[in-house]
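Quantities reported herein were computed from a predicted structural model and do not represent experimental measurements.
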Amino acid sequence: MSDSPVDSSKRTWIITSACAGAVGGVATAVPFVSSFQPSEKAKAAGAAVEVDISGLKEGEKLTVEWRGKPVWIIKRTPEQLKDLPALDAELADPQSLRHPEEFTPEYARNEARSIKPELLVVVGICTHLGCSPTDKFQAGPQPSLPADWKGGFLCPCHGSTFDMAGRVFKNKPAPDNLQVPPHMYLSDTKLLIGEDKKTA
């Protein structure tokens with residue numbers, strides 16, 4: 001064992017290098033941790049999307065992207081909800097019984113087609129040829145709509161109409177109701193689109 005004196009400049013250099021390495025390690029870890037968030041590629045492949053709905057007001061619509069498709073989140077008014085049962089006779093599939101495995105999860109097979117009655121969550125793509133319908137929330141006579149229109153959606157491509165639950169009207173080109181994607185509420189203000197099963 002050597003009894004030579006410690007080179008203080010060498011010790012300072014070693015300590016400085018170790019500290020710089022630690023800082024660099026932390027700086028490297030930050031982007032690594034953020035990489036746990038779904039990438040755009042993962043979202044396109046079907047990764048679940050978390051949505052903050054705290055600012056959504058009655059009569060408003062929020063659009064988010066899931067699997068490359070627009071998903072509409074609409075906070076319906078009490079009047080819009082009240083009108084839904086009266087439309088059943090005019091709809092092609094009022095109970096959402098057609099292809100439920102593809103278009104309507106079990107928890108949305110109700111009059112409002114939703115988990116929470118006031119909040120509708122649907123894929124904004126017409127089931128005819130894949131166009132995106134336009135909002136026609138205003139009730140009453142309008143071009144291309146019946147005089148007793150209660151509000152809903154109009155596909156401008158071939159005239160298919162949907163009510164405020166995304167249910168298609170009879171004698172229209174669209175064969176099915178708008179798709180309700182898998183979704184669940186994480187809280188009163190957070191919605192997760194793309195998953196509907198809680199994992200323990």
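Judged as a disulfide (SG to SG under 2.5 Å), not a single pair has a partner in residues 57-95 (not counting sequence neighbours). The salt bridge (Lys or Arg N to Asp or Glu O under 4.0 Å) contacts involving residues 120-133 comprise nothing, where partners must be two or more places apart or lie in separate chains. The stretch residues 90-119 participates, sequence neighbours left out, in these salt bridge (Lys or Arg N to Asp or Glu O under 4.0 Å) pairs: Glu111-Arg167, Lys116-Asp188. The ring pair (Phe, Tyr, Trp, His ring centres under 6.0 Å) contacts involving residues 80-113 comprise Tyr107-His183, where partners must be two or more places apart or lie in separate chains. The disulfide (SG to SG under 2.5 Å) analysis of residues 56-97, with sequence neighbours excluded, yields no pairs.
Taking hydrophobic clusters as Ile, Leu, Val, Met, Phe, Trp and Tyr residues chained together by side-chain heavy-atom distances below 4.5 Å, Leu84 shares a cluster with Phe137. Under the 4.5 Å side-chain contact rule for hydrophobic residues, Leu56 and Ile115 share a cluster. Following chains of ILVMFWY side-chain contacts shorter than 4.5 Å, one cannot reach Leu91 starting from Leu178, and the two form parts of different hydrophobic clusters.
When all heavy atoms of Ser132 and Trp72 are compared, the closest pair comes out as OG-CZ2, 3.8 Å. Here the closest heavy-atom approach between residue Ser160 and residue Pro173 is recorded as OG-CD, 3.3 Å. Taking both residues in full, the closest heavy atoms of Gln179 and Lys69 are given as OE1-NZ, 4.1 Å, listed atom of the first, atom of the second, then distance. For the pair Asp196 and Pro182, the tightest heavy-atom approach, listed with the atom from each and the gap, is OD2-CB, 3.7 Å. Residues Pro105 and Val180 share a closest heavy-atom pair of CD-O, 3.4 Å.
One finds the CG atom of Asn177 at 7.5 Å from the CZ atom of Phe162 (value rounded to the nearest 0.5 Å). In this structure, Glu50 CD and Ser187 OG are separated by 8.0 Å, a value rounded to the nearest 0.5 Å. The distance from atom CD of Gln95 to atom CG of Asn110, rounded to the nearest 0.5 Å, is 9.5 Å.
Put simply, the side chain of Ser96 never gets that close to the backbone of Thr104: no donor and acceptor are under 3.5 Å apart. Checked by atom type and distance alone, the side chain of Lys172 never pairs as donor or acceptor with a backbone atom of His158 at under 3.5 Å.
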Check the pair Leu186, Met184 against side chain to side chain contact (heavy atoms under 4.5 Å, CB included), reporting the backbone distance first and the verdict last. CA-CA 6 Å; Leu186 302 176; Met184 58 191 276; 4.2 Å; yes

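Taking the side-chain contact (heavy atoms from CB on, under 4.5 Å) definition, one finds that Ile53 meets it with Val51, Leu62, Ile73, Leu119, Tyr185, Leu191, sequence neighbours left out. For Pro117, the side-chain contact (heavy atoms from CB on, under 4.5 Å) test picks out Leu81, with sequence neighbours left out. Partners of Lys61 according to the salt bridge (Lys or Arg N to Asp or Glu O under 4.0 Å) rule, which considers only residues two or more places apart in sequence or in another chain, are Asp135. Partners of Asp52 according to the side chain to side chain donor-acceptor pair (under 3.5 Å) rule, which considers only residues two or more places apart in sequence or in another chain, are Ser54.
Counting heavy atoms from C-beta outward, Met164 and Ile74 have side chains that approach closer than 4.5 Å. Here the side chains of Ile125 and Pro70 are in contact, with some heavy-atom distance below 4.5 Å. Counting only heavy atoms from C-beta outward, the side chains of Val121 and Pro181 approach each other to under 4.5 Å.
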Show me the side-chain donor-acceptor pairs of residues 140-157 shorter than 3.5 Å, one per line, residues at least two apart or across chains.
unit_1 : atom_1 : unit_2 : atom_2 : d
Gln142 : NE2    : Gln138 : O      : 2.6
Gln142 : NE2    : Gly140 : O      : 3.3
Trp149 : NE1    : Lys136 : O      : 2.9

